[in-house]
Q: 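Before I ask anything, here is the structure I am working with.
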Amino acid sequence: MFAAENGLKGDPRLQGISEAIRVVPHFPKPGIMFQDITTLLLDHKAFKDTVDIFVDRYRDMDISVVAGVEARGFMFGPAIALAIGAKFVPLRKPRKLPGKVISEAYELEYGTDCLEMHVGAVERGERAIVIDDLVATGGTLSAAIRLLERSEAEVVECACVIGLREVKGQCRLNGKPLYILVEPRQIENCC
């Protein structure tokens, strides 16, 4: 569900967030319109508005875990966690965490990848949200959900700054709601 369809229709913050995201054509390969959130992070107001919208949504949902997907989920997750009184749990790529971990593999368009989480980072019954910058196919979010559920957490929702109107992998999220702030921007008359 898009924020504009859930009480924020016409909210100027959403337009500011969208406009703060730079579109880089043909990166990392031809045909890709890369949504660069680093420019959003440079815009204090747009960055704050992004965090505030997520905080407003999750403040009263009894969330105890904000799980951020490496690496861009790390940019939003800790601020959201602090503001709602939850802990932040990093979901990392393989061999990045120093302790004992549990892993969850997932399929990419051309290959596989894996997310890892420290054993004991999440406890049975904790209510969690998963945060990332962008959702396209849903593969990474699906792996994050499975990882948290293996620790017996209740995944309440996934949240992304940017998402396609028709997420190709929505069915991969096993019925978990998906909250998206803005659609990907396009460049007029590009290339």
Side-chain angles (χ1 to χ4, degrees), residues 1-8 11 13-14 17 37 40-41 46-106 113-135 138-163 167 169-182:
M1 125 187 32
F2 280 85
E5 299 164 353
N6 190 46
L8 295 181
D11 190 320
R13 296 177 299 174
L14 295 176
I17 291 166
I37 61 148
L40 170 68
L41 301 173
F47 185 26
K48 183 178 184 315
D49 287 346
T50 301
V51 171
D52 287 350
I53 291 170
F54 286 130
V55 168
D56 289 346
R57 179 161 180 85
Y58 299 116
R59 177 181 287 124
D60 297 321
M61 292 177 76
D62 196 29
I63 303 297
S64 55
V65 174
V66 176
V69 176
E70 185 170 345
R72 292 178 291 271
F74 294 3
M75 297 174 188
F76 302 100
I80 296 164
L82 283 171
I84 67 173
K87 62 184 171 184
F88 176 74
V89 175
L91 305 179
R92 305 240 21 214
K93 299 292 184 181
R95 297 171 301 283
K96 300 287 185 180
L97 293 170
K100 187 173 180 182
V101 298
I102 59 172
S103 303
E104 188 66 42
Y106 60 100
D113 208 342
C114 182
L115 287 177
E116 294 183 342
M117 176 177 73
H118 273 129
V119 170
V122 176
E123 297 175 18
R124 168 187 249 174
E126 286 193 293
R127 290 173 51 85
I129 60 170
V130 178
I131 183 85
D132 204 356
D133 68 325
L134 183 139
V135 58
T140 307
L141 292 177
S142 179
I145 291 167
R146 290 192 308 271
L147 196 57
L148 291 161
E149 288 180 340
R150 284 176 48 205
S151 295
E152 300 185 57
E154 175 191 351
V155 178
V156 174
E157 189 166 83
C158 295
C160 294
V161 178
I162 308 161
V167 175
Q170 178 102 24
C171 61
R172 297 170 87 178
L173 301 182
N174 296 327
K176 301 299 179 195
L178 175 60
Y179 186 70
I180 299 168
L181 298 189
V182 298

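In what follows, every heavy atom counts, from backbone to side chain, and hydrogens, waters and symmetry copies are set aside. Keep in mind that what you see is a predicted model, and the values were worked out from it rather than measured.
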Q: Closest heavy-atom contact between L173 and S142?
A: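 That would be CD2-N, 3.8 Å.
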
Q: Could you tell me the separation between the CD1 atom of I129 and the OH atom of Y58, rounded to the nearest 0.5 Å?
A: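 One finds 5.0 Å between CD1 of I129 and OH of Y58.
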
Q: Taking salt bridge (Lys or Arg N to Asp or Glu O under 4.0 Å) as the criterion, tell me which of E152, E149, E154 meets it with R124.
A: E152

Q: Give the intermediate values and the outcome of side-chain contact (heavy atoms from CB on, under 4.5 Å) for residues L82 and F88.
A: CA-CA 8 Å; L82 283 171; F88 176 74; over 6 Å; no

Q: Suppose the criterion is side-chain hydrogen bond (donor to acceptor under 3.5 Å, both in side chains): which pairs have a residue in residues 68-83, not counting sequence neighbours?
A: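 Found E70-R92, R72-D133.
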
Q: Assess whether side-chain contact (heavy atoms from CB on, under 4.5 Å) is satisfied between L148 and M117, documenting all intermediate values.
A: CA-CA 9 Å; L148 291 161; M117 176 177 73; 3.9 Å; yes

Q: If you count every heavy atom of other residues, nucleotides or ligands that lies below 6.0 Å from K96 atom NZ, does the total exceed 12?
A: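 Not more than 12 within 6.0 Å, no.
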
Q: How long is the span from the CZ atom in F74 to the CG atom in D132, to the nearest 0.5 Å?
A: 9.5 Å

Q: So which heavy atom on F2 is nearest to which on G163, and how close?
A: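 The answer is CZ-O, 3.4 Å.
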
Q: Short question: side chain of H118, backbone of G99 - any donor-acceptor pair under 3.5 Å?
A: yes

Q: Is there side-chain contact between L14 and L181, with heavy atoms separated by less than 4.5 Å?
A: yes

Q: Would you say that T50 contacts I37 through its side chain, given a criterion of any heavy-atom pair below 4.5 Å between the two side chains?
A: no

Q: How far apart are the closest heavy atoms of V66 and A86, and which atoms are they?
A: CG2-CB, 4.1 Å

Q: Would you compute the distance between atom CG of L97 and atom CG of L91 and round it to the nearest 0.5 angstrom?
A: 9.0 Å

Q: Working note: Y106 + L147, criterion side-chain contact (heavy atoms from CB on, under 4.5 Å); need CA distance, chi angles, decisive distance, verdict.
A: CA-CA 11 Å; Y106 60 100; L147 196 57; over 6 Å; no

Q: Should C160 and L134 count as side-chain neighbours, where that means a heavy-atom distance under 4.5 Å?
A: no

Q: Are L115 and R146 side-chain neighbours, meaning at least one heavy-atom pair lies under 4.5 Å?
A: no

Q: Taking all heavy atoms of G73 and all of P78, pick out the closest pair and write down the distance.
A: O-CD, 4.2 Å

Q: Using a 4.5 Å cut-off on heavy atoms from C-beta on, say whether the side chain of I63 contacts that of I80.
A: no

Q: Check whether R127 reaches the backbone of V156 with its side chain - one donor and one acceptor, N or O, closer than 3.5 Å.
A: no

Q: For Y179 versus L8, what's the shortest heavy-atom pair and its separation?
A: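 Taking every non-hydrogen atom into account, OH-CD1, 3.7 Å.
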
Q: Locate the shortest heavy-atom distance separating E126 from E123; write the atom from each residue and the value.
A: OE1-N, 2.7 Å

Q: Quick check: does any side chain N or O of R13 sit under 3.5 Å from a backbone N or O of K48, one acting as donor and the other as acceptor?
A: no

Q: Under the criterion side-chain contact (heavy atoms from CB on, under 4.5 Å), which of V65, L141, I145 is the partner of V155?
A: I145

Q: Taking the side chain as C-beta and beyond, is there a heavy-atom pair between S151 and I102 under 4.5 Å?
A: yes

Q: Taking atom CE of M75 and atom CZ of F47, what is their separation to the nearest 0.5 Å?
A: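 M75 CE to F47 CZ: 8.5 Å, rounded to 0.5 Å.
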
Q: Given the rule in the side-chain contact (heavy atoms from CB on, under 4.5 Å) test, do L41 and F76 qualify, once you have shown the distances and angles that lead to the verdict?
A: CA-CA 9 Å; L41 301 173; F76 302 100; 4.2 Å; yes

Q: Are any side-chain N or O atoms of K87 and backbone N or O atoms of A121, one a donor and one an acceptor, separated by less than 3.5 Å?
A: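 Side chain of K87 to backbone of A121, a donor-acceptor pair under 3.5 Å: yes, one is there.
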
